[in-house]
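Here it is: the structure, laid out below.
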There are 2 protein chains.
Amino acid sequence: MRPEQDEIEQRLSRFTGGLKSAGIKLTIQRLEVCREIASAGSHPDAESVFRGVRQRVPTISLDTVYRTLWTLVDRGLIDTLGVPHERTRFDGNTAPHHHFVCTRCGETTDFCCDAFDSLSVPEAVTPLGTVQKTQVEMRGICLRCAKAPASGDHQHATGHRPGRNQ
Amino acid sequence: MRPEQDEIEQRLSRFTGGLKSAGIKLTIQRLEVCREIASAGSHPDAESVFRGVRQRVPTISLDTVYRTLWTLVDRGLIDTLGVPHERTRFDGNTAPHHHFVCTRCGETTDFCCDAFDSLSVPEAVTPLGTVQKTQVEMRGICLRCAKAPASGDHQHATGHRPGRNQ
DNA sequence: CTACATGCAAAGGGTTTGCACGACA
DNA sequence: TGTCGTGCAAACCCTTTGCATGTAG
């Protein structure tokens, strides 16, 4: 599952380049957090990244790891699984449906699409396990956010997102 | 966004039926939590369900709402957005890829599928906003969990899931 | 040099749990 | 009447933040 060495280098330079071009100082801590996430084969949590980096930078603290990871997310250099900073949300809709997620405000909206309901399980998945449910997630900017004043973020009336923007 | 009255009734009876057939008493609190989640048009968090139910059952407590919602999830009667009980996980893989999520242990595994990379944006989505990224999530049981002894759950070596399995 | 980043520790906030009381079968 | 469910409050745990110190550019 680990990426090739080549791929790691490529990601790493993308990360460091992205940070530098944003005027963010490339400290040893940030560099090593970047290296760790660039070479991760799965989807580590902050604690896991912390443990990895600490082997090379024993003095790093967990909150610096968090800060660096969120900086990378904010710059669009890495992603999170699920919606960032989201508390648990429940979905009572058992009919097949899919989700549109606004990456700015976090609002998740259902939509239906017959074509997506009947996606066949690709070969790559059969060795992983048995599929019971398939859902398509489309991420982008919702209409409301697109219209909203360029700068800061806004919150939907339904009250999402503690908001970590910038 | 609210479901039709008809649809609500249908969901509600599915929920209550599922609980009863599992030998779970249908108290007024549980009934009203079921009603609330059945009639929700979006994806409420526990707090939001709590506020709704409290209008009808003023004495209900937040933790009863949580307990009931998780009971429904455990019975497969409702879902959560994202992986239940999951802390924030970061994904350094910026190349297009998709996820297989094991609903038992929570493990999220990447897979590639060219067909999924090029899914076109359906009409239903255009009025919602602009799509920047599309990801398919397939949920099911991973090979390891399928093989594991029927009863209790196990945790992957990578250390997922606090584990709430009935 | 000077602004920015780090580490520490404490606060914060959502979620879960232990326990005694209350309610339904 | 016994068992199961509820409410309360405290515990938990991940995550964030304020502040003094350290450091990259």
Side-chain angles (χ1 to χ4, degrees), chain A residues 15-16 19-34 36 43-51 53-54 56-75 80-90 106 155 159-166, chain B residues 16 19-34 43-51 53-54 56-75 80-90 106 155 159-166:
Chain A
F15 297 163
T16 57
L19 292 183
K20 271 188 284 195
S21 72
I24 293 173
K25 289 178 188 170
L26 192 58
T27 62
I28 188 68
Q29 290 91 337
R30 295 216 251 244
L31 174 63
E32 292 304 329
V33 169
C34 286
E36 192 68 24
H43 314 99
D45 56 20
E47 182 76 31
S48 167
V49 173
F50 176 55
R51 282 195 304 269
V53 173
R54 200 165 41 171
R56 276 165 277 135
V57 187
T59 63
I60 198 173
S61 66
L62 178 59
D63 54 87
T64 295
V65 172
Y66 271 110
R67 282 190 274 233
T68 304
L69 288 172
W70 285 120
T71 301
L72 291 169
V73 172
D74 290 343
R75 295 292 172 289
T80 59
L81 300 193
V83 179
H85 300 98
E86 186 68 308
R87 67 201 67 169
T88 308
R89 289 183 174 277
F90 300 86
Q155 323 244 130
H160 287 150
R161 319 311 324 302
R164 138 162 328 247
N165 289 42
Q166 182 49 236
Chain B
T16 57
L19 292 182
K20 271 189 282 194
S21 72
I24 293 173
K25 289 178 189 168
L26 192 58
T27 62
I28 188 68
Q29 289 91 337
R30 288 192 178 140
L31 174 64
E32 292 303 330
V33 169
C34 286
H43 313 100
D45 57 20
E47 182 76 31
S48 166
V49 173
F50 176 54
R51 281 196 303 271
V53 173
R54 200 165 41 172
R56 276 164 278 134
V57 187
T59 63
I60 197 172
S61 66
L62 179 57
D63 54 86
T64 295
V65 172
Y66 271 109
R67 282 190 274 233
T68 305
L69 288 172
W70 286 121
T71 302
L72 291 169
V73 172
D74 291 343
R75 295 290 172 291
T80 59
L81 300 192
V83 179
H85 301 97
E86 187 67 309
R87 67 201 66 173
T88 308
R89 289 183 175 276
F90 300 87
Q155 323 243 129
H160 286 151
R161 319 310 327 300
R164 137 160 329 246
N165 290 44
Q166 184 36 235

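Scope of the values below: all heavy atoms of this structure, side chains included, with no hydrogens, waters or symmetry mates. Keep in mind the model is a prediction, meaning the values are calculated, not measured. Every chain is numbered from 1 and lettered A, B, ... according to where its sequence line falls, protein lines coming before strand lines.
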Between C1' of D:dC13 and CD of A:Glu47, the distance in whole Å: 11 Å
Length of the line joining A:Trp70:CH2 and D:dT17:P, which is rounded to integer Å: 11 Å
Listed nucleotide nearest any side-chain atom of A:Thr88, set C:dT15, D:dG7, C:dC8: C:dT15
Between D:dC13 (P) and B:Arg87 (CZ): distance, integer Å: 10 Å
Inter-residue atom distance A:Arg30.CZ - A:Leu72.CG, 0.5 Å rounding: 9.5 Å
For atom CG of B:Leu62 and atom P of D:dT6, their distance in whole Å: 13 Å
Donor-acceptor pair under 3.5 Å, B:Asp63 side chain vs D:dC8 base: yes
Inter- and intrachain pairs under salt bridge (charged side-chain N to carboxylate O under 4.0 Å, His left out), touching residues 57-66 of chain B, at least two apart: B:Asp63-B:Arg67
N/O (side chain, A:Gln29) to phosphate O (OP1/OP2, D:dA24) under 4.0 Å: no
Among D:dG7, C:dT6, C:dT16, the one nearest A:Arg30 by side-chain distance: C:dT6
D:dC14 OP1/OP2 closer than 4.0 Å to side-chain N/O of A:His85: no
Relative orientation of the end axes in the helix from C:dC1-D:dG25 to C:dA25-D:dT1, expressed as an angle to the nearest 10° (five pairs per end): 40°
Partner residues of B:Ile28 under the side-chain contact (heavy atoms from CB on, under 4.5 Å) criterion, sequence neighbours left out: B:Leu31, B:Glu32, B:Val57
B:Arg89 versus A:His43, closest heavy-atom pair with distance: NH1-O, 2.8 Å
B:Phe90: ring pair (Phe, Tyr, Trp, His ring centres under 6.0 Å) partners, not counting sequence neighbours: A:Trp70
Separation of atom CG in A:Leu69 from atom C1' in D:dC14, rounded to whole Å: 14 Å
For B:Thr64, side chain to side chain donor-acceptor pair (under 3.5 Å) partners two or more places apart: B:Ser61
Atom pair distance, as rounded to whole Å: CZ in B:Phe90 and P in D:dC14: 14 Å
Spacing of A:Arg51 atom CZ and A:Glu36 atom CD [to the nearest 0.5 Å]: 10.0 Å
Length of the CD-C1' vector between A:Glu32 and C:dG7, whole Å: 18 Å
Summary of protein contacts for nucleotides 20-25 of chain C, nucleotide by nucleotide, where a base hit scores B, a sugar-phosphate-only hit scores S (4.0 Å, heavy atoms): ----B-
Nucleotide nearest B:Thr64 (side chain, heavy atoms from C-beta), chosen from C:dT15, D:dT6, C:dA5: D:dT6
Distance-minimising heavy-atom pair for B:Gly106 and B:Val83: CA-CG1, 4.0 Å
Pairwise distance CZ(A:Arg54) to CD(A:Glu47) - rounded to 0.5 angstrom: 7.5 Å
Whole angstrom value for the distance that separates P of C:dA9 from OH of A:Tyr66: 18 Å
